[in-house]
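Report on one structure; see the data block that follows.
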Amino acid sequence: MTTIATAASGNGSAAGDALTRDALAVLQPGFDGTTAPEWVRRRIGEGLASVALFGRNVVSEEQVTALTGQLRAERDDLLVAIDEESGDVTRLDVRTGSSFPGNHALGAVDDPGLTRAVSRELGRRLAACGVTFDWAPSADVNANPDNPVIGVRSFGASPDLVARHTAAWVEGLQSTGVAACTKHFPGHGDTNVDSHHAVPRIDVDADTLYARELPPFRAAIAAGTRAIMSAHILVPALDPDRPGTLSRRVLTELLRGELGYQGLIVTDGMEMRAISGTYGLEHGVVLAIAAGADAICVGGGLCDEGTVLGLRDALVAAVRSGELPEERLADAAARVRDLAAWTVVARGDAAKTPADPEIGLVAARRALTVTRAGAAAPVTGPVYVAQFNPTPNIAVGDRTPWGVADELQRRLPGSASGSFTGEGAGAAVLAAAEGRRIVAVVRDEHRHDWMRSALDTLLAARPDTVVVEMGLPQAAPRGALHIATYGAARVCGVAAAEAVVAG
């Protein structure tokens with residue numbers, strides 16, 4: 001396929017050169033490593049207008065700042081994107097756990113001013129590192145508590161609550177010159193399939209969709225969100241044939257036409273099986289641009305130069321064959337460049353934003369719900385922390401530590417900990433605890449039968465067990481002390497440990 005682009009860029013025609021540059025401009029690729037690869041720098045010179053950072057690119061804030069500086073040496077208005085929701089989905093704090101609670105904790109507090117302050121401090125940190133585009137916030141209404149991929153990434157189950165916090169989050173982030181990307185349009189909250197693996201389907205009528213899923217996106221648009229990310233979900237009430245990312249009805253007619261949105265439309269990760277496994281990566285990218293998407297998110301998995309060249313060439317070939325109107329590709333590329341230009345103007349705002357480094361912990365403390373059963377003895381001595389580990393979804397990943405063990409070991413010297421999963425976990429914990437008071441840390445107890453059974457076993461033998469729920473608190477509180485954190489960010493673990501010791 002590279003021969004197509006070579007011919008397009010090497011034939012001396014301004015039109016061909018512009019076409020190739022437009023094809024590169026709509027891509028938002030990732031790359032490997034913690035410094036800027038030579039191939040990325042070269043493609044920036046050829047028209048690439050965006051790059052994306054993932055956890056594999058992050059060691060420290062100082063290193064990210066140096067990396068973005070290398071990239072911007074090639075193009076000052078380069079969009080540097082990251083998937084930083086805070087809470088459970090963090091890239092900037094991938095090695096330590098997030099310094100900010102996620103959406104569900106903020107929704108539990110329900111103070112839009114607090115949400116705005118948290119996202120403002122997050123934006124300040126991102127901007128200081130040279131990041132100008134954040135694939136966040138999630139505006140999904142958590143209508144299905146068994147959703148395997150959204151959960152605590154949602155502000156909550158009420159459309160009005162999600163709408164007001166989505167708007168506040170967008171306003172706070174963008175006040176620092178970092179563009180927000182509200183996701184996952186038209187709403188990923190009522191799904192029971194993870195679109196990283198297959199195509200989810202939402203079988204609701206149009207009235208339900210408009211009343212439940214769309215209000216947060218309307219609020220984000222009113223708040224001035226600079227970008228919106230599409231979802232790889234099939235919504236038959238809107239389009240019975242194609243998922244949102246590939247649907248003209250969803251992206252052009254609904255989002256642009258009915259909702260009046262004029263900003264950038266970005267796809268969710270195109271390697272996700274919902275697209276690549278059904279349509280193929282290259283054909284899916286062509287279909288997405290044709291449907292109304294302006295930028296292609298790719299690189300969470302495939303992060304090599306060959307992927308970028310293949311997608312560039314697929315877009316050029318689609319224009320040459322008439323499958324993709326050249327005007328549509330040019331319009332998409334222009335929207336990317338417009339956003340890049342906005343970030344250059346807005347970048348100065350970050351320097352004016354005062355630091356508020358404690359706001360994340362303040363928010364995590366406010367989010368806690370503590371339930372006491374009777375007159376349980378306070379926790380004063382060493383404990384055994386049993387962490388029950390479910391399989392993480394791809395969005396969260398398995399690199400980021402979570403829980404309360406480190407903090408409790410610091411506060412209660414002599415404490416020990418272990419991780420458990422699957423059948424027999426409860427009995428294994430009792431044996432490992434060796435008579436010490438147990439702190440059981442769970443994540444979405446309601447979704448895992450083995451986890452529920454393990455707690456049954458523990459509480460039958462040790463009713464003084466403390467339970468810390470760091471996922472969705474859907475199961476009834478139980479234990480001598482039950483602490484719901486509404487997320488597994490590092491600061492949520494610190495706040496929970498404080499509550500354990502305080503009793």
Using distance alone, with no hydrogens and no angle criterion, decide if [X] and [Y] have a side-chain donor and acceptor under 3.5 Å apart.
X: D140; Y: S138; result: yes
X: D17; Y: T20; result: no
X: T176; Y: R120; result: no
X: S154; Y: N142; result: no

Gap separating the [atom1] atom of [X] from the [atom2] atom of [Y], nearest 0.5 angstrom:
X: R399; Y: R91; atom1: CZ; atom2: CZ; result: 9.0 Å
X: W135; Y: I82; atom1: CH2; atom2: CD1; result: 9.0 Å
X: M270; Y: H283; atom1: CE; atom2: NE2; result: 10.5 Å
X: L254; Y: F217; atom1: CG; atom2: CZ; result: 10.0 Å
X: L92; Y: D83; atom1: CG; atom2: CG; result: 12.0 Å
X: L264; Y: W342; atom1: CG; atom2: CH2; result: 12.0 Å

Keeping the roles fixed (side chain from [X], backbone from [Y]), state whether a donor-acceptor pair exists under 3.5 Å.
X: S321; Y: A318; value: yes
X: E271; Y: L302; value: yes
X: D444; Y: R447; value: no
X: T278; Y: I275; value: no
X: T34; Y: V58; value: no
X: R72; Y: L78; value: yes
X: R226; Y: C181; value: no
X: D88; Y: A488; value: yes
X: E85; Y: R153; value: no
X: H165; Y: G156; value: no

With a 4.0 Å cut-off on N to O distance, would you call [X] and [Y] a salt bridge?
X: E305; Y: R312; value: no
X: R164; Y: D110; value: yes
X: E84; Y: R125; value: no
X: R335; Y: D331; value: yes
X: E358; Y: R365; value: no
X: R41; Y: E38; value: no

| request: Answer yes or no: are there more than 12 heavy-atom neighbours, outside R116 itself, under 6.0 Å from its atom CZ? | output: yes

| Enclosure of D398 CG (heavy-atom neighbours >12, cutoff 6.0 Å) | no

With a 4.5 Å limit on heavy-atom distance, are the side chains of [X] and [Y] in contact?
X: S247; Y: L238; result: no
X: R43; Y: L309; result: yes
X: P215; Y: V162; result: no
X: E498; Y: L368; result: no
X: Y210; Y: E258; result: yes
X: F155; Y: W169; result: yes
X: N57; Y: F54; result: yes
X: P29; Y: T307; result: no

Which pair of heavy atoms, one from [X] and one from [Y], lies closest together, and at what distance?
X: G487; Y: C492; answer: O-CB, 3.4 Å
X: V40; Y: L71; answer: CG1-CD2, 3.8 Å
X: E121; Y: I359; answer: CB-CG2, 3.8 Å
X: A168; Y: P112; answer: CB-O, 3.5 Å
X: R347; Y: T132; answer: NE-CG2, 4.4 Å
X: A23; Y: V316; answer: CB-CG2, 3.9 Å

| message | For L19 and V319: C-alpha separation, side-chain torsions, deciding distance, then whether side-chain contact (heavy atoms from CB on, under 4.5 Å) applies. | response | CA-CA 9 Å; L19 178 58; V319 170; 3.9 Å; yes

| said: Go through it in stages, so that I can follow the logic: the residues are T400 and D93, the test is side-chain contact (heavy atoms from CB on, under 4.5 Å), and I'd like the CA-CA distance, side-chain angles, deciding distance and then a yes or no. | reply: CA-CA 8 Å; T400 305; D93 292 330; over 6 Å; no

| Which is it for D22 and R337 under the salt bridge (Lys or Arg N to Asp or Glu O under 4.0 Å) test, yes or no, and what are the steps along the way? | CA-CA 10 Å; D22 285 351; R337 296 180 188 120; 2.8 Å; yes

Table please: side-chain donor-acceptor pairs of residues 286-300 below 3.5 Å, with sequence neighbours left out.
unit_1 : atom_1 : unit_2 : atom_2 : d
D294   : OD1    : R328   : NH2    : 2.8
D294   : OD2    : R256   : NH2    : 2.7
D294   : OD2    : I265   : N      : 2.9

| task | Kindly indicate, with the supporting measurements, whether the criterion side-chain contact (heavy atoms from CB on, under 4.5 Å) is fulfilled by R212 and V204. | result | CA-CA 10 Å; R212 188 181 66 189; V204 298; 3.6 Å; yes

| request: Please assess L281 against L311 for the test side-chain contact (heavy atoms from CB on, under 4.5 Å), listing each intermediate value before the final yes or no. | output: CA-CA 8 Å; L281 178 61; L311 296 180; 3.9 Å; yes

| task | Keeping to residues at least two apart or across chains, list the ring-ring contact (aromatic ring centres under 6.0 Å, His included) pairs with something in residues 60-110. | result | H104-Y486

